[in-house]
Amino acid sequence: MTTTDVTAVARSALEVLAWSRSLVEPALRTAVDTLPSSLSHIAGYHLGWWDERGHPVRVSGGKAIRPALALLCAQAVGGTAAKAVPAAVAVELVHNHSLLHDDVMDGDLTRRHRRTAWTVFGANPAILAGDALLVLALDVLAASEHPAAVEAIQMLTAAVQELLNGQNADLSLEQRSGVELAECVQMAEGKTAALIGCACALGAAFGGGRPEQVGYLRGFGRHLGLAFQHVDDLLGIWGDPAVTGKPVHSDLCSRKKSFPVVAVLTSQTPAGRELAELYHRDQPLSGTDAARAAELIDIAGGRAWGQAQADDLLAQAMRELQSASPAPRAAAELGALARLATHRDH
């Protein structure tokens, strides 16, 4: 089959995401249903399955890119998506564990166009629900009885340790006035890239991939994760609230040390110095201040730089993918999913 033929039969990124949800969501619901009712109630609300009273609703639970990557990586090494469903469920549970905790730590009031779980149920119950999802992820892998289950648990726990370290670094950076870009990269490698890399590695392991294939696909995911974070940071400043589910300039109002912000703060430009004055004030940024900060970042080139970084990291990810000698159709679909993740509207 030629490259043109493969491209013709490969599904679009949106088709892949719909397919992934159809495989993963039933298993995800089954897993969450095993939790104590008080915790499954909070988790189901967070995942968009029901309202705060437990009445069924249908709202977005996010794109669920990580489980889709796991399923495609299983196919990329010659395995089946069905065998990799436990891996996909596990990474989605861990991801949502981190979101429940992040929302509490960041004080975020909205996620996915509605109130965050902690604002509905309280901070402590939301934290406990996040803890429950983390433990449940390990249980799902153990219960799969897959030959790679023990290795998968070790890979996932290592990724979670990186994630937690990255989140801790993120909180620390918010309290400091002087932050270097290298510190932001290290933080994002833990907070975002580790779990996306793990999703790809778990999928490859459950697909029966050779160790070198698992390694290359982990590298693909890690580079993609860093690119994803660059784009996420752009959306945190310029994203459309109708798309992001968060207020305009939300990251600036909370004075987050995101990639484009730090790039400009360390640029030694007039715009960078004015941005530093805004960021180092004692009082919160007003809407007008945040709009000016966004303008300064754009003027100093932070917006263009962020997208260029994402594009370069995507190219590196694609080289790692090709090094894994993937099945052609799965490779084409992984490429489409990677491009969707790094070129969201902003």
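Scanning for salt bridge (Lys or Arg N to Asp or Glu O under 4.0 Å) contacts around Glu180 gives an empty result, with sequence neighbours left out. Scored by the side chain to side chain donor-acceptor pair (under 3.5 Å) test, Arg292 finds Glu274, Glu295 as partners (sequence neighbours excluded).
Residues Pro125 and Gly122 share a closest heavy-atom pair of CD-O, 3.4 Å. Contact record, Ser40 with Val32: CB-O, 3.4 Å, taken as the closest heavy-atom pair. Contact detail for Pro260 and Leu234: the closest heavy-atom pair is CG-CD2, 4.3 Å. Minimum interatomic distance between Ala88 and Val91 (heavy atoms only, all atoms of both residues): O-CG2, 3.2 Å. Between Ile65 and Ala341, the shortest heavy-atom distance links the atoms CD1-CB, 3.9 Å. What you find for Leu321 and Phe220 is that their closest heavy atoms are CB-CD1, 3.7 Å.
Looking at Val261 and Leu252, their side chains come closer than 4.5 Å, going by heavy atoms from C-beta outward. Looking at heavy atoms from C-beta onward, Phe121 lies out of side-chain contact with Thr116 at the 4.5 angstrom threshold. At least one side-chain heavy atom of His46 sits under 4.5 Å from a side-chain heavy atom of Arg112. The closest side-chain heavy-atom distance from Pro326 to Leu334 is not below 4.5 Å. Counting only heavy atoms from C-beta outward, the side chains of Leu100 and Ile127 never approach each other to under 4.5 Å. Contact check for Leu340 versus Leu17: side-chain heavy atoms found under the 4.5 Å cut-off. Side-chain contact between Ile153 and Val150 is absent, with no heavy-atom pair separated by less than 4.5 Å. Taking 4.5 Å as the limit, every side-chain heavy atom of Thr80 sits out of range of all side-chain heavy atoms of Gln75.
Remark: side-chain polar atoms of Arg255 are paired, donor with acceptor, to backbone N or O of Arg281 under 3.5 angstrom. Listed for the Gln309 side chain is no donor-acceptor partner under 3.5 Å among the backbone atoms of Ala227. With Trp49 contributing its side chain and Val57 its backbone, the two residues share no donor-acceptor pair below 3.5 Å. In this structure a side-chain-to-backbone donor-acceptor pair under 3.5 Å is missing from Arg210 to Glu212. With hydrogens and angles ignored, the 3.5 Å screen pairs a side-chain donor or acceptor of Trp118 with a backbone N or O of Asp108. Here the side chain of Thr30 pairs a donor or acceptor atom with the backbone of Pro26 at under 3.5 angstrom.
No chain of hydrophobic side-chain contacts below 4.5 Å, direct or via other Ile, Leu, Val, Met, Phe, Trp or Tyr residues, connects Trp305 to Val231. Two different hydrophobic clusters hold Leu313 and Phe228 under the rule that ILVMFWY side chains link at heavy-atom gaps under 4.5 Å. Leu71 and Leu69 fall within a single hydrophobic cluster, where Ile, Leu, Val, Met, Phe, Trp and Tyr side chains are chained together by heavy-atom contacts under 4.5 Å. Tracing side-chain contacts under 4.5 Å through hydrophobic residues (I, L, V, M, F, W, Y), one never reaches Val160 starting from Leu133; they form parts of separate clusters. Hydrophobic clustering places Leu224 together with Val16 (ILVMFWY residues linked when any side-chain heavy atoms are closer than 4.5 Å, directly or through intermediates).
Relative to the six-membered ring of Tyr216, Arg319 misses at least one condition, a distance below 6.0 Å or an angle of at most 45° to the axis.
Here the OG atom belonging to Ser12 is positioned 11.5 Å from the CZ atom belonging to Arg339, to the nearest 0.5 angstrom. Arg66 CZ to Leu93 CG: the interatomic distance, rounded to the nearest 0.5 Å, is 13.0 Å. Separation of atoms CG (Leu173) and NZ (Lys256) is listed at 9.5 Å; rounding is to 0.5 Å. Note that OG1 of Thr342 and CG of Leu314 are 4.0 Å apart. Values are rounded to the nearest 0.5 Å. With values rounded to the nearest 0.5 angstrom, Leu72 atom CG is found 10.5 Å from Leu217 atom CG. To the nearest 0.5 Å, atom CG of residue Leu296 and atom OG of residue Ser267 are 10.0 Å apart.
Within the structure, ring pair (Phe, Tyr, Trp, His ring centres under 6.0 Å) contacts touching residues 250-284 (residues at least two apart or in different chains) are His230-Phe259. For residues 126-172, the ring pair (Phe, Tyr, Trp, His ring centres under 6.0 Å) pairs, not counting sequence neighbours, are His146-Phe206. Residue pairs that meet the ring pair (Phe, Tyr, Trp, His ring centres under 6.0 Å) test with at least one member in residues 81-108, sequence neighbours left out, are His97-His101.
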**Request:** Step by step, work out the side-chain contact (heavy atoms from CB on, under 4.5 Å) result for Asp102 and Met105.
**Result:** CA-CA 5 Å; Asp102 282 0; Met105 288 184 278; 3.8 Å; yes
**Asked** Could you walk me through whether Asp312 and Gln316 pass the side chain to side chain donor-acceptor pair (under 3.5 Å) check?
**Response** CA-CA 6 Å; Asp312 182 59; Gln316 293 180 57; 3.0 Å; yes
**Request:** Check the pair Cys184 / Val179 against side-chain contact (heavy atoms from CB on, under 4.5 Å), numbers first and verdict last.
**Result:** CA-CA 8 Å; Cys184 291; Val179 176; 3.9 Å; yes
**Asked** Yes or no on side-chain contact (heavy atoms from CB on, under 4.5 Å) for Trp238 and Ile297, after CA distance, side-chain angles and deciding distance?
**Response** CA-CA 11 Å; Trp238 293 284; Ile297 295 166; 3.5 Å; yes
**Message:** Apply salt bridge (charged side-chain N to carboxylate O under 4.0 Å, His left out) to residues Arg115 and Glu52 and explain how you reach the verdict.
**Reply:** CA-CA 10 Å; Arg115 294 172 62 195; Glu52 59 268 29; 5.3 Å; no
**Request:** Please assess Arg58 against Glu25 for the test salt bridge (charged side-chain N to carboxylate O under 4.0 Å, His left out), listing each intermediate value before the final yes or no.
**Result:** CA-CA 13 Å; Arg58 195 67 198 178; Glu25 186 167 313; 3.0 Å; yes
**Message:** side-chain contact (heavy atoms from CB on, under 4.5 Å), that's the test. Do Arg176 and Glu183 meet it? Break it down for me.
**Reply:** CA-CA 12 Å; Arg176 291 168 42 199; Glu183 294 177 291; 2.9 Å; yes
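Salt bridge Glu333/Arg329: present, at least one basic N to carboxylate O contact under 4.0 Å. Taking 4.0 Å as the cut-off between side-chain N and carboxylate O, Arg21 and Glu92 do not count as a salt-bridged pair. Ion pair Arg218/Glu320 not flagged as a salt bridge, since none of the NZ, NE, NH1 or NH2 atoms sits closer than 4.0 Å to an Asp/Glu carboxylate oxygen.
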Would you list the atom pairs, donor with acceptor, under 3.5 Å between side chains in residues 185-204 and any protein atom, with sequence neighbours excluded?
| unit_1 | atom_1 | unit_2 | atom_2 | d |
| --- | --- | --- | --- | --- |
| Lys191 | NZ | Gln167 | OE1 | 3.2 |
| Lys191 | NZ | Asp170 | OD2 | 2.6 |
| Thr192 | OG1 | Gln229 | OE1 | 2.4 |

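Exactly one of Thr157, Leu134, Leu136, Leu138 qualifies for a side chain to side chain contact (heavy atoms under 4.5 Å, CB included) with Val94. That residue is Leu134.
A donor and an acceptor atom, one from each side chain of Asp289 and Ser286, are located under 3.5 Å apart.
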